[in-house]
Protein chains: 2
Amino acid sequence: MPAEKLKQMACSDCQIRHRAVCSRCDDDELQKLDKIKYYRTFQTGQTIALTGQKMDFVASVVNGIATLSQTMEDGRTQMVGLLLPSDFVGRPGRDGVVYDVQATTDVTLCCFQRKPFEELMVQTPHLVQRLLQITLDELDAAREWMLVLGRKTAREKLASLLAIIARRYATLRKLSPSDAIEFDLPLTREAMSDYLGLTLETVSRQINALKKDGVIELIGKRHVRVPDMQLLVIEAGDDADGGFIT
Amino acid sequence: MPAEKLKQMACSDCQIRHRAVCSRCDDDELQKLDKIKYYRTFQTGQTIALTGQKMDFVASVVNGIATLSQTMEDGRTQMVGLLLPSDFVGRPGRDGVVYDVQATTDVTLCCFQRKPFEELMVQTPHLVQRLLQITLDELDAAREWMLVLGRKTAREKLASLLAIIARRYATLRKLSPSDAIEFDLPLTREAMSDYLGLTLETVSRQINALKKDGVIELIGKRHVRVPDMQLLVIEAGDDADGGFIT
DNA sequence: TATTAGATTTGATCTGCATCAAAGACGATA
DNA sequence: TATCGTCTTTGATGCAGATCAAATCTAATA
């Protein structure tokens with residue numbers, strides 16, 4: 001199927017083509033998906049689902065940024081996933097929620113009711129194939145992140161996080177890898193510290209250290225420009241071309 | 001299909017029923033799997049596959065323990081997965097290896113040639129379903145581990161690792177949760193430190209601290225007895241019944 | 001039984017990040 | 001444009017775990 005045709009078939013109402021469910025849809029399947037989909041919006045800071053609850057849908061992120069995180073009884077929390085537009089939310093085949101899902105900016109989800117979605121999975125083997133590939137990508141990303149959490153210094157952690165976000169934004173905007181990347185940080189210092197296993201003070205200090213050393217530029221407190229992606233990646237301690245998947 | 005029948009159908013030559021590929025096989029599919037499978041053994045310390053290589057098979061662990069790990073250029077390494085008997089190895093649909101796979105004890109794998117296995121996936125939707133569920137479990141485990149790496153103290157990390165291993169052994173041996181669990185540690189102190197993002201000295205100190213406090217008993221240096229699983233779980237900082245998946 | 005190499009323990013010291021505390025900066029609202 | 005609340009920065013101090021160094025232990029081999 002030509003790329004152009006695929007693009008036309010992007011889930012009709014969203015601006016984006018969902019990575020999960022539309023990669024090989026034909027018109028027939030698209031119609032079936034259309035029948036069970038609906039949109040929900042969440043405001044900045046709002047909870048999408050909490051650990052222990054049931055979630056009666058799976059979804060694609062259309063707009064905004066959501067986070068997955070786990071919290072210990074004493075309040076220590078660790079972010080385990082960062083969801084950008086086109087990312088998939090939910091665990092097909094299981095309705096229990098095992099991490100808190102939260103909107104860190106205003107978020108629009110394109111939801112699919114769980115029951116009919118799972119019926120569609122049974123009828124549509126390539127949808128399951130697709131979900132398997134997505135899940136493998138998420139697993140790779142989670143394991144890359146284990147290296148960050150377990151072995152990297154605070155400075156390397158910050159550089160890793162900025163590199164991930166920069167790379168994702170570049171992909172979403174279809175920039176070439178050599179372009180300077182510029183973006184608004186979708187996370188507070190505290191949210192970053194939850195992702196990196198640090199305190200917010202350390203995050204603040206390291207961001208400003210990277211700025212002082214010319215690795216990043218800061219316009220205001222949230223807008224970041226990466227003049228040389230290569231340099232940022234080196235600061236992150238990755239081999240020059242090695243790349244995170246998510 | 002009755003459970004008894006399923007059990008008989010465990011992949012004929014291995015003692016175990018592979019979690020990945022045999023959970024719902026009928027005779028016909030089992031024959032197809034039999035045709036493409038073969039056994040390989042690896043000795044303690046031997047490399048099964050290295051990052052950057054191609055792997056022309058996927059496999060089930062039949063015996064022994066294997067590890068997945070990532071190494072930075074300067075030698076820092078982080079273990080990202082621990083594979084016990086019945087665990088699945090490999091990334092269906094992709095032949096690139098993205099973490100080193102190593103045998104920490106003598107290991108027997110039941111391998112399936114990649115090409116025919118992937119053809120079988122196309123013909124056998126429930127196999128893909130099964131792989132998706134396995135991958136979701138691995139993802140949950142990886143994310144649980146992110147919490148361990150990012151937020152737990154050295155003592156909690158050790159307790160978490162011991163709890164995971166104890167729980168897996170209990171499952172493999174079909175012990176009831178209340179039984180005292182006893183097992184040989186399949187990892188050196190150094191391997192444990194690679195899993196936990198610590199140094200081997202800290203691992204040693206914390207293990208002996210847990211022993212001194214009666215949380216575990218040590219017979220020799222490698223044999224562990226957990227008199228009260230509940231206690232160990234509390235030391236790990238988890239809610240009493242919360243459980244790791246892997 | 002002696003030898004040796006790897007695994008483990010133990011001790012002393014150092015350091016990166018956490019913790020505690022307080023002072024800006026900024027945007028929203030009145 | 002004044003005020004409030006949230007986010008961020010900055011500084012001083014403390015500590016968990018790293019690092020460096022050297023004993024032990026253990027099991028395999030001669």
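Keep in mind the model is a prediction, meaning the values are calculated, not measured. A note on names: the letters A, B, ... follow the listed sequences, proteins ahead of strands, and every chain is numbered from 1.
The separation between B:H223 atom NE2 and D:dA27 atom P is 14 Å, rounded to whole Å. Remark: C1' of C:dT10 and NZ of B:K221 are 11 Å apart, rounded to the nearest angstrom. Rounded to whole Å, the distance from NZ on B:K152 to P on D:dG17 is 13 Å. To the nearest angstrom, P of D:dG17 lies 13 Å from CZ of A:R151. Distance NZ (B:K157) to P (D:dA18): 7 Å, rounded to an integer number of Å. Rounded to a whole Å, the CG atom of B:L198 is 10 Å from the C1' atom of D:dA18. Following rounding to the nearest Å, A:L218 (CG) and C:dA25 (P) show an atom-to-atom distance of 15 Å. C:dC17 atom P lies 14 Å from atom CD of A:E201, rounded to whole Å.
Looking at which nucleotide of DNA chain D each of B:A154 and A:E190 is closest to, the 5′-most match is held by A:E190. Of the residues near DNA chain C, A:G197 and A:G220, the one whose nearest nucleotide (by heavy atom distance) lies more toward the 5' end is A:G197.
Proximity note for B:S204 (side chain, C-beta onward) versus D:dT10, C:dT8, C:dA18: the nearest is C:dT8. Candidate nucleotides D:dT8, D:dT10, C:dC17 were compared by shortest atom distance to the side chain of A:L200, and D:dT8 ranks first.
Within 4.0 Å (heavy atoms only), A:R155 reaches no atom of the nucleic acid at all. Residue contacts shown for B:G45 are absent, as no nucleic acid heavy atom lies under 4.0 Å away.
Between A:Y195 and A:W145, the ring planes are tilted. Angles from 30° to 60° get that label.
Between A:T202 and C:dC17 there is no side-chain N or O to OP1 or OP2 distance below 4.0 Å.
In the region residues 182-189 of chain A, proximity to DNA chain D at under 4.0 angstrom, judged on heavy atoms, holds for A:T188, A:R189.
For the 3.5 Å distance criterion, the side chains of A:D100 and A:S69 fail to qualify, holding no donor opposite an acceptor. Side-chain contact check for B:T67 and B:Q102: no donor-acceptor pair (N or O, by modelled atom type) lies under 3.5 Å.
For A:R205 and C:dG16, a side-chain-to-base donor-acceptor distance below 3.5 Å is absent, hydrogens and geometry of angles not being considered.
If you look at B:F57 and B:F112, their ring centroids are not closer than 6.0 Å.
What you find for A:P186 and A:T104 is that their closest heavy atoms are O-OG1, 3.7 Å.
Contacts of B:Y99 classified as ring pair (Phe, Tyr, Trp, His ring centres under 6.0 Å), with partners at least two apart in sequence or in another chain: none.
Taken to the nearest 0.5 Å, the CZ atom of A:R155 stands 4.0 Å off from the CD atom of A:E235.
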